[in-house]
Number of protein chains: 2
Amino acid sequence: MKNMEEIVAKLSNIMVQMEDAAKDQFNLSNLTHTQMNYLETIHMLGNPNITELANILKLSKPTVKVTIDKFIEKEFVYKVQSDEDRRSAHLHLTEKGKLINQMHDFAHKRIAESFKNKLNDHELQTMIDLLNKVLSK
Amino acid sequence: MKNMEEIVAKLSNIMVQMEDAAKDQFNLSNLTHTQMNYLETIHMLGNPNITELANILKLSKPTVKVTIDKFIEKEFVYKVQSDEDRRSAHLHLTEKGKLINQMHDFAHKRIAESFKNKLNDHELQTMIDLLNKVLSK
DNA sequence: AAATATAGTTAGAAAATACTAACTAAAAGA
DNA sequence: TCTTTTAGTTAGTATTTTCTAACTATATTT
């Protein structure tokens, strides 16, 4: 089904565009691409420790440690010492660090709005049902 | 319509995941995040000159120049001198540079497949029609 | 209990990414 | 034609991002 791939490509482009626009809007905080990737990955993983984060990012632990130290200084991230394993600490996003998620939420809201603007109520409900079906495991 | 935003968020996550997986597959070429962003932007813009690329990336011209020089050395990009304006040169992706697009195509194909696997023929056609409607200007 | 493994850190260094200021050459405007 | 603007470059430098090797402290295995 050739057509579907083209549609997915367009959809992907629009979503990327919306995310980029949201990044511009929220980019008061002067974060580099790399830094945003760290925060996104921390959010995605829950509250990983440095070793887990390094594995997912495919970077060495000292590299990740250096970056996280800077985040802690800038109050984007804080550490919580683990009870089970006293060597380890979990990384948490501060409210400032969670700005990244708000940015994504904003982009998703805009995308959802463009769906709503282009479809009538019945079509929208059909779309929701079908997407739910696709996204269900 | 609260539900739609959640669905968009999930859809976005899945698309990002697929793109990341594709990046892993194709990442023989050892490109950094930043470097991929350059190649994607060159593709997106057509064949920009250095000034245009710098403006879009919001970086200084010398910064972009240095990076492009490395790409030229590694044969991901080549320059074509402009006929209209002899000061200027257009940036083109080599076959190697176009790997980035193949990577995206691969991700889109996988996403399209997951749509096809979850929906029957009739549902799929409905989805295509609705997405077309959403994506039309 | 001793040996090994794991989580995180420190130190030192290299490469990648970014900047400003000053330049050349071509184009555009007065 | 003279001046100004624009595209790209060069030089010098700062910051960010990354690495390996060696270390401490805690946890796990034998």
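- Between A:T63 and D:dT17 there is no side-chain N or O to OP1 or OP2 distance below 4.0 Å.
- Here D:dG8 presents its P atom at 9 Å from NE2 of B:H90, a figure rounded to the nearest Å.
- Axis angle, first five pairs versus last five pairs of the helix from C:dA1-D:dT30 to C:dA30-D:dT1: 30°, rounded to 10°.
- Here the C1' atom of nucleotide D:dT18 and the CD atom of A:Q35 are 14 Å apart, to the nearest Å.
- Across the interface with DNA chain C, nearest-nucleotide mapping of B:K74 and B:S60 shows B:K74 to be the residue nearer the 5′ end.
- In this structure, A:L59 places its CG atom 13 Å from C1' of D:dT16, rounding to the nearest Å.
- For B:I68 and D:dA7, the CD1 to C1' distance is 14 Å, given to the nearest whole Å.
- Distance CG (B:L31) to P (D:dT18): 14 Å, rounded to an integer number of Å.
- Residues A:K61 and A:D83 each lie close to DNA chain D; by heavy-atom proximity, the contact nearer the 5' end of the strand is made by A:K61.
- Bracketed by its first and final contacts, the part of DNA chain C lying under 4.0 Å from non-hydrogen atoms of chain B reaches from C:dT17 to C:dA27 in 5' to 3' order.
- In this structure, a donor-acceptor pair under 3.5 Å is present between the side chains of B:E40 and B:H104.
- In this structure, B:K109 does not pair ionically with B:D105, as no charged nitrogen and carboxylate oxygen lie closer than 4.0 Å.
- Comparing B:P62 and A:T34, the nucleotide of DNA chain D nearest to each residue sits closer to the 5' end for B:P62.
- Here D:dA27 presents its P atom at 14 Å from CG of A:N49, a figure rounded to the nearest Å.
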* Audit row: B:H33, A:T34, side chain to side chain donor-acceptor pair (under 3.5 Å) steps and yes/no -> CA-CA 8 Å; B:H33 216 285; A:T34 311; over 6 Å; no
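- The main-chain N or O of B:I111 is found under 3.5 Å from a side-chain atom of B:S114 such that the two form a donor-acceptor pair.
- At a threshold of 4.0 angstrom between heavy atoms, the contacts of A:E84 are confined to the sugar-phosphate backbone, with no base atom among them.
- Around atom NE2 of B:H43, no more than 12 heavy atoms belonging to other residues, nucleotides or ligands sit under 6.0 Å away.
- Closest to the A:R86 side chain, of the nucleotides D:dT18, D:dT20, D:dT26, is D:dT26.
- A:H92 places no side-chain N or O within donor-acceptor distance of the main-chain N or O of A:Y78, the cut-off being under 3.5 Å.
- With no hydrogens or angles considered, no side-chain donor-acceptor pair links A:E113 and A:N117 at under 3.5 Å.
- For the pair B:N13 and B:K10, the minimum side-chain heavy-atom distance is 4.5 Å or more.
- Using a distance-only test at 3.5 Å, with no hydrogens or angles considered, a donor-acceptor pair links the side chain of A:S136 to the main chain of A:K133.
- Not a single donor-acceptor pair, N or O on each side, falls under 3.5 Å between the base of D:dG8 and the side chain of B:K65.
- As rounded to whole Å, 13 Å separates atom P of D:dT16 from atom OH of A:Y38.
- Taking atom CZ of residue B:R87 and atom P of nucleotide D:dT4, one finds them 16 Å apart after rounding to whole Å.
- Residues A:Q35 and A:K74 meet the side-chain proximity criterion, which asks for heavy atoms closer than 4.5 Å.
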